[in-house]
Every structure is written in C-alpha cells, then in structure tokens.
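Structure first, commentary second.
Basis for what follows: all heavy atoms, side chains included, without hydrogens, waters or symmetry-related copies. The sequence lines fix the lettering, A, B, ..., with proteins before strands; numbering per chain opens at 1.
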Amino acid sequence: MVIYGVALLALCFITGLFLGELLGRLIGIEANLGGVGIAMLLLIGLSAYLKKKILLPPITEKGITFWSAIYIPIVVAMAAKQNVFSALDAGGVALVSGFLAVFISFLLIPVLTKVGKK
Amino acid sequence: MNPLEILDSILIKNGIITAFLVVGIIIWFSYFLSEKLTKGKFHGSAIAIIISLILAYFGGYLTGGEKGLADIEIFSGLAVLGGAMFRDFAIVATAYGVDTSELRRAGKVGVLSLFIGVILSFAVGAIIASLFGYQDPVDITTIGAGTVTFLVGPVTGTALGASSEIMALSIAAGLVKSILVMVATPLMAPYVGLNNPKSAMIFGGLMGTNSGVAAGLAAVDPKLVPYGAMTATFYTGLGCLLAPSVLFLLIRFLH
C-alpha cells in the first residue's frame, strides 16, 4: 500500500531529525546537525534492506517516489515565500558580502573537484 | 451574494490546495516559456524559481511582510507548502535510489568543502564588514556569520550579544546569498562542472544554504539534489558551531 512507503519515509525523517537535534545538543549548539542527511542515509539503508527481503513492492515505492517528484513544486513554492524584498533592500554590506561569498564559492567547485581526483 | 467573495474565501480556507494550483500554473507557464523562448535550453524549473522570486519581491513590496508572496492572504498556503517541513521531507525522499558508492567516493572532499565553505563565507562577510567600517569584533563576527547562512547570523549574534540592527543585517546577508544561489546556479553550472554527484556534493558543502542548494540543483538536474543536500544539511550546524567560538576568537585576536 502507498501509505507504507509514506510512513517509511516519515519514520526516517523523524528519526533523522531527532538524531540531528541530539547531536547538536551534545556538542552544545542550538541547531540541528545534519538531521536531513541522517534521514537520507536511513532511507537509503532501510529501503535497500527491505528490497532485499522483497518487502518493498512497487506500490509501496510510489509512496516515496511521489514525494521525490513533488520536490520541485515545493521548491517553487519555497522561492515564492522568500523575503526577496528585504534582501534587495538591505544595503551595501549585505549585498556585497552575499554576492562575493557565492561567487568565490562557485569558483572553488572546479578546484575542489580536482582535489578529490588525486 | 458575490461569487468572487465566495471564491476568495474558498481559496483562503484551503490554503495548501490553492498553493498546489498556483505552483502548478507557475510551472506550466515556465515550461511553456522555456520551450518557446529557449527551445528548452534554459530549464523550466529555473524559470519557475525566478518567476516565484519576482512574485515574492512584489509580495514583500505590497505587504511589507517577511514571507514574500505568501503574505498575501490567498497565497498564504505557499508558506506551508514551501516551508521547511515539506521541503526537508521531499529532500529526504529524493535520496531514494541514490548511488551509495558515489556518496562514499566523494565523502572526504565533501567534508573538506563544508569546512572551506563555512570559513570562506565567514571570512568574506567579516572582511566586507570591516571594509565598510565596522570595528567591533562582535559586529564583524555576526555579519560574517550571517554570510554563512541567515540562521547562523542570529544564533551567533544572540550568543555574542550583538545589537538588533547588526542581527538584521546579518540575516539580510544570508538572504542575499541564498537567493543568489537559487538564481545563479543554473547559469554557472556549465562553467564550473556542476553536472555530477561529486561536484554536487562539493557545491552543497561550499554554499550550504539549504534553500539555495535545494532550488539551485533542482534547476540544474533534479538527480543531483540528494548529493548536494547531503552535505548542505551539515553546513548550518557547523556554522553555528564555529562562528561564535573559534571564528569569533580569531576575529578578536586579529583585531
């Protein structure tokens, strides 16, 4: 059933966020440390295990792949709720530092990709 | 009985459903433009994100609120659909079917890119702040932290006791970064080799802003989303860890 896939996804999501929050508290910061990443790893691991046991039929998979496919619409909605007005209205320091940080980071992508090759 | 009033109240009452409709129309129109004007060369989702950002600008301009288009009542569902809950839930779903050998292969350089990303953005923010005449190490650190992401700024500012104007400025720096990543990623991708899982992981680590990375990669190639998101998810936490501690001490030492 489709709901099994959605529920599996929800289980990974909640567990991941919980562990991320715990990890943050452990080292004393007020932020979730990698909760989403942990949830992703859990989903990868659990779904591989269930597939091996033939417990993940295509209909259950649909409960996960639907959310994966709805990702772009969610991102479009996210863009529509950004505080673009105050970002552009912010004045020199914010505009210049935001711009430079992004630009230099882009330039570093090919550099680091090469580092990894060695 | 005014039919428009009835429609209005239905749209407002069923906010998320209205948001599905609105997003559907934006995406349909964007793919139409992509096909007609660029023969599909400029990705439809990139156009959709840019149109949404423009609409968000007008939302903010008209209402003076903080949630872009979602501050207009009939579009308020966009704040829920585009909020962190659904965004992160969908990001986790994209990990389904990820190639784990790719994750392992780029793991080390991914971690390296995280540290470089946080420190670099912080340094840029701090240098620009001092060039603009800020002298107090607390102010410089808070603005630097905001350049990391708009979450790290206020967390750091609160920890160090920065003034609310400086906090607002640091949030704005993070916002500029995040929005710029959304818009610039599809334009820059071909020039920086952002077309494979490994460079996507590096991209996520360097940029770190969850919304920027999420939208940027969606507009380049949705298959790359989980790789970028995997590293980006550790970025804000790392920033919150480094900025008020090591990096603040460094700024105070340099001063």
Side-chain angles (χ1 to χ4, degrees), chain A residues 9-10 12-13 16 20 24 27 29-37 39-41 43-44 47 64-65 67-68 70-88 90-102 104-110 112-113 115-116, chain B residues 19 23 45 48-49 52-53 55-57 60-61 66-70 78-79 81-82 86-96 98 109 113 121 124-125 128 132 147 155 169 172-173 175-177 179-181 188 192-193 199 202-203 206-207 211 214-215 218 230 233-234 236-237 240-241:
Chain A
L9 183 56
C12 295
F13 181 76
I27 54 171
I29 54 169
E30 278 175 64
N32 193 300
L33 192 61
V36 173
M40 291 165 96
L41 292 174
L43 179 70
I44 294 168
S47 61
I64 303 168
T65 50
W67 284 100
S68 170
I70 211 78
Y71 170 75
I72 288 183
I74 287 176
V75 161
V76 171
M78 179 192 79
K81 61 151 267 210
Q82 297 296 312
N83 196 353
V84 183
F85 186 75
S86 50
L88 292 180
V93 184
L95 287 174
V96 176
S97 53
F99 178 83
L100 278 181
V102 172
I104 299 173
S105 299
F106 268 121
L107 296 183
L108 276 180
I109 294 176
L112 281 173
T113 311
V115 169
Chain B
V23 170
S45 26
I49 288 163
S52 297
L53 289 171
L55 292 174
Y57 177 87
Y61 175 76
E66 289 178 349
K67 287 184 292 183
L69 193 62
L78 289 169
L81 183 62
F86 278 129
R87 183 197 65 197
D88 291 345
F89 193 60
I91 286 180
V92 173
T94 63
Y96 189 71
V98 145
V109 67
S113 71
S121 285
V124 168
I128 298 299
F132 269 79
T147 314
V155 167
L169 198 56
L175 272 178
V176 171
K177 180 179 168 187
I179 289 164
L180 203 59
V181 173
M188 293 292 283
V192 295
S199 56
I202 293 169
F203 167 77
L206 284 174
M207 299 300 182
S211 7
M230 183 69 81
T233 173
F234 289 95
T236 294
C240 290
L241 182 66

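Looking at Ile202(B), the atoms closer than 4.5 Å to chain A (heavy atoms on both sides) all sit in the side chain, from C-beta outward. Both the backbone and the side chain of Tyr57(B) come within less than 4.5 Å of a heavy atom in chain A. Contact of Ile179(B) with chain A is made through the side chain alone, with heavy-atom distances under 4.5 Å. Of the two parts of Ala19(B), neither the backbone nor the side chain holds a non-hydrogen atom closer than 4.5 Å to a non-hydrogen atom of chain A.
Your options are Leu107(A), Val84(A), Ile72(A), Leu108(A), and the one with the most heavy-atom pairs under 4.5 Å with chain B is Val84(A). Note: Ala93(B) leads Gly237(B), Ala172(B), Ala93(B), Gly68(B) in heavy-atom pairs under 4.5 Å with chain A. Each of Leu55(B), Val155(B), Leu69(B) has some count of heavy-atom pairs under 4.5 Å with chain A, and the biggest count is that of Leu69(B). When the candidates Ser47(A), Ser86(A), Ser105(A) are compared by the number of heavy-atom contacts under 4.5 Å with chain B, Ser105(A) comes out ahead. Note: Ala56(B) leads Ser121(B), Cys240(B), Ala56(B), Gly60(B) in heavy-atom pairs under 4.5 Å with chain A. When the candidates Ser68(A), Ala77(A), Gly98(A), Ala80(A) are compared by the number of heavy-atom contacts under 4.5 Å with chain B, Ala80(A) comes out ahead. In terms of non-hydrogen atom pairs under 4.5 Å with chain B, the most contact-rich of Gly16(A), Gly92(A), Gly20(A), Cys12(A) is Gly92(A). Heavy-atom pairs under 4.5 Å with chain A peak, among Phe234(B), Tyr96(B), Phe203(B), at Tyr96(B). Comparing Val93(A), Leu88(A), Leu43(A), Thr65(A) by how many heavy-atom pairs each has under 4.5 Å with chain B, the most go to Val93(A).
Tyr71(A) places a side-chain N or O within 3.5 Å of a backbone atom of Ala214(B) that can act as its donor or acceptor partner.
Contact detail for Val92(B) and Phe13(A): the closest heavy-atom pair is CG2-CD1, 3.9 Å. In terms of heavy atoms, Ser113(B) sits closest to Leu112(A) at CB-CD1, 3.7 Å. The two residues Ile49(B) and Val76(A) come nearest to each other via the heavy atoms CG1-CG2, 4.4 Å. The two residues Ala95(B) and Ile44(A) make their nearest non-hydrogen contact at O-CG1, 3.5 Å. In terms of heavy-atom proximity, Gly35(A) sits nearest to Thr233(B) at N-OG1, 3.9 Å. Nearest heavy atoms, Ile109(A) versus Val192(B): CG2-O, 3.6 Å.
Going from atom CG of Leu53(B) over to atom CE of Met78(A) covers 8.0 Å, rounded to the nearest 0.5 Å. A distance of 5.5 Å separates CD of Glu66(B) from CG of Asn83(A), quoted to the nearest 0.5 Å. If you take CG on Asp88(B) and CE on Met40(A), they are separated by 10.0 Å, rounding to the nearest 0.5 Å. Atom CD1 of Ile70(A) is separated from atom OG1 of Thr94(B) by 13.5 Å, given to the nearest 0.5 angstrom.
Atom CZ of Phe99(A) sits in a sparse spot, with 12 or fewer heavy atoms from other residues, nucleotides or ligands closer than 6.0 Å.
Taking the six-membered ring for Trp and thresholds of 30 and 60 degrees, Trp67(A) and Phe89(B) have ring planes more than 60 degrees apart, a perpendicular arrangement.
With a 4.5 Å cut-off on side-chain heavy atoms, Phe106(A) and Met207(B) count as touching.
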